[in-house]
Amino acid sequence: MAHIIALAGKGGTGKTTTAGLLVRLLVEQKAGPVLAVDADPNSNLGETLGVPDGPTVGGILDQVAAHADKIPGGMSKDRYIEYQVQTAVKEAEGFDCLTMGKPEGPGCYCYVNNVLRGVVERLIGDYRWVIIDNEAGLEHLSRRTTRRCDTLLVIASDTPVALRAAQRISVLADELKIKTGRKVLLVNAAAGDIRPERLAGLRDLYAGRIPYDEAVERSGAAGGSIWDLPSSSPAYLAVRTFVEGLIRK
Ligand SMILES: Nc1ncnc2c1ncn2[C@@H]1O[C@H](COP(=O)(O)OP(=O)(O)OP(=O)(O)O)[C@@H](O)[C@H]1O
Ligand SMILES: [Mg+2]
């Protein structure tokens with residue numbers, strides 16, 4: 001069974017960086033097949049992971065909606081979408097990557113979205129680990145794009161605002177009855193230990209901190225790849241400890 005890790009958090013807290021590090025570490029630890037899903041329409045997980053741009057699921061849905069007549073004879077629409085989405089899965093070194101993008105065209109996507117859910121569910125079955133990098137905020141929860149995950153990984157910076165947002169995400173996930181195996185908070189880019197009063201109400205979630213890391217900041221600013229970070233870098237080491245815990249479970 002795939003273990004699905006969905007990332008969530010306020011804007012700019014380090015979701016994509018952490019998602020990239022998770023993918024790298026799962027690959028390096030040979031933890032089984034990994035699928036990286038970039039579910040942020042303003043996507044950059046692919047870039048972080050050094051995967052070249054390619055077709056997105058949103059683009060495919062646009063094509064299917066615009067050219068329903070082009071579906072090869074004898075093939076059902078569902079089967080056609082499934083086939084197209086399979087071709088959008090990019091094979092990288094040691095992992096696969098799927099970019100959701102977003103449909104641009106007018107019209108109703110309810111039908112294709114429903115089909116898509118089934119396709120993605122089946123696709124996920126081929127992997128041991130699925131890392132889903134989401135857009136900032138609560139939208140993906142309230143729109144139920146994130147419907148099920150084994151680990152809801154909330155990323156916050158060490159600021160009262162980001163930590164309050166993390167708490168809201170956790171409460172909302174419960175209210176919306178999103179099926180989460182467990183919810184976990186990592187405080188990212190922390191300059192030092194987190195002040196205990198800041199974690200009031202977050203004790204059950206808090207799983208550790210990822211230190212502020214100059215190399216990560218430089219790489220982020222330069223649009224660099226997560227694979228180029230030295231394995232002595234503090235953020236890398238913190239995520240490694242987290243991943244080792246995940247694999248042991
Ligand atoms: N531990 C860290 N130390 C230093 N800089 C960091 C750290 N984590 C992330 N950054 C930097 O912070 C910036 C934002 O990180 P990232 O893009 O991962 O955040 P995000 O939550 O995915 O943002 P968005 O909400 O826009 O998707 C990037 O430039 C990244 O390099
Ligand atoms: Mg991001």
Go through it in stages, so that I can follow the logic: the residues are Asp96 and Val34, the test is side chain to side chain contact (heavy atoms under 4.5 Å, CB included), and I'd like the CA-CA distance, side-chain angles, deciding distance and then a yes or no.
CA-CA 6 Å; Asp96 288 351; Val34 178; over 6 Å; no
Write out all pairs satisfying salt bridge (Lys or Arg N to Asp or Glu O under 4.0 Å) with one or both partners inside residues 120-134, taking only residues at least two apart or from two chains.
Glu82-Arg122, Glu121-Arg148
Verdict with reasoning, His67 to Asp69, per side chain to side chain contact (heavy atoms under 4.5 Å, CB included):
CA-CA 5 Å; His67 305 288; Asp69 52 323; 4.0 Å; yes
Which residues pass the side chain to side chain donor-acceptor pair (under 3.5 Å) test with Gln29, sequence neighbours left out?
none
Checking Asp228 now: which residues fulfil side chain to side chain donor-acceptor pair (under 3.5 Å) with it, not counting sequence neighbours?
none
Least distance between heavy atoms, Ala235 atom then Val216 atom:
CB-CG2, 3.7 Å
Is the shortest side-chain heavy-atom distance between Pro196 and Arg203 below 4.5 Å?
yes
To the nearest 0.5 Å, what is the distance between NZ (Lys15) and CG (Asn44)?
10.0 Å
Apply side chain to side chain contact (heavy atoms under 4.5 Å, CB included) to residues Leu7 and Thr18 and explain how you reach the verdict.
CA-CA 9 Å; Leu7 287 98; Thr18 308; 4.0 Å; yes
The residue among Leu153, Leu35, Val37, Leu26 that forms side-chain contact (heavy atoms from CB on, under 4.5 Å) with Ile131 is Leu26
Determine the minimum heavy-atom distance between Tyr127 and Ala2, stating which atoms define it.
O-CB, 3.2 Å
Output the distance between atom CG (Asp150) and atom NE2 (His3), rounded to the nearest 0.5 Å.
5.0 Å
Could you check if a side-chain atom of Thr17 sits within less than 4.5 angstrom of a side-chain atom of Thr48, using non-hydrogen atoms only?
no
Using the side-chain hydrogen bond (donor to acceptor under 3.5 Å, both in side chains) rule, collect all pairs that involve residues 209-219, keeping only residues at least two apart or in two chains.
Tyr212-Glu217, Asp213-Ser233
Residue pairs, two or more places apart or on separate chains, that pass salt bridge (Lys or Arg N to Asp or Glu O under 4.0 Å) and touch residues 26-40:
Arg24-Glu28
Counterpart residues, side chain to side chain donor-acceptor pair (under 3.5 Å), relative to Glu47 (two or more places apart)
none
Could you tell me whether the side chain of Val161 reaches within less than 4.5 Å of the side chain of Lys10, counting heavy atoms only?
yes
Taking the side chain as every heavy atom from C-beta outward, state whether Ile132 and Asn134 have any atom pair closer than 4.5 Å.
yes
Kindly compute the distance separating CG (Leu22) from CG (Leu186), expressed to the nearest 0.5 Å.
8.0 Å
Do Pro41 and Glu135 have side chains that approach each other closer than 4.5 Å (heavy atoms only, starting at C-beta)?
yes
Can a donor-acceptor pair be found, under 3.5 Å and without considering hydrogens, that links the side chain of Ser225 to the backbone of Leu49?
no
Measure from the side-chain N and O atoms of Asn188 to the backbone N and O of Ala156, and report whether any donor-acceptor pair falls under 3.5 Å.
no
To the nearest 0.5 Å, atom OG1 of Thr56 lies from atom CG of Asp62 at 8.0 Å
Val171-Leu163 co-clustered via ILVMFWY side chain contacts under 4.5 Å
no
Which of Val154, Val184, Ile194 passes side-chain contact (heavy atoms from CB on, under 4.5 Å) with Tyr206? Answer is Ile194
Nearest heavy-atom contact between Ser170 and Lys183 is OG-NZ, 2.9 Å
Determine whether Leu229 and Leu21 satisfy the following criterion, side chain to side chain contact (heavy atoms under 4.5 Å, CB included), listing intermediate values before the conclusion.
CA-CA 9 Å; Leu229 271 186; Leu21 282 169; 4.0 Å; yes
What distance do Lys179 atom NZ and Ile4 atom CD1 have between them, rounded to the nearest 0.5 Å?
11.0 Å
Taking the side chain as C-beta and beyond, is there a heavy-atom pair between Pro230 and Tyr236 under 4.5 Å?
no
Who pairs with Lys90 by salt bridge (Lys or Arg N to Asp or Glu O under 4.0 Å), at least two apart in sequence or on another chain?
none
Taking side chain to side chain donor-acceptor pair (under 3.5 Å) as the definition, give me every residue that meets it alongside Arg164, ordered by chain and number, with sequence neighbours left out.
none
Indicate the atoms forming the closest heavy-atom contact of Val187 with Ser157, along with that distance.
CG1-C, 4.0 Å
Tell me the salt bridge (Lys or Arg N to Asp or Glu O under 4.0 Å) pairs involving residues 231-240, sequence neighbours left out?
Arg240-Glu244
Following the transitive rule for hydrophobic clusters with a side-chain heavy-atom cut-off under 4.5 Å over Ile, Leu, Val, Met, Phe, Trp and Tyr, establish whether Ile247 and Leu237 coincide in one cluster.
yes
Contacts of Asp53 that satisfy salt bridge (Lys or Arg N to Asp or Glu O under 4.0 Å) - sequence neighbours left out:
none
Correct closest heavy-atom pair for Ala8 and Ile169 would be CB-CG2, 4.1 Å
For Phe95, the ring pair (Phe, Tyr, Trp, His ring centres under 6.0 Å) test, sequence neighbours excluded, returns Trp227
Search all heavy atoms of Leu45 against all heavy atoms of Ala36 and return the closest pair with its distance.
CD2-CB, 4.1 Å
Listed partners of Arg195 passing salt bridge (Lys or Arg N to Asp or Glu O under 4.0 Å), at least two apart:
Glu197
Please report the interatomic distance OG1(Thr151) to CD1(Ile5), rounded to the nearest 0.5 Å.
5.0 Å
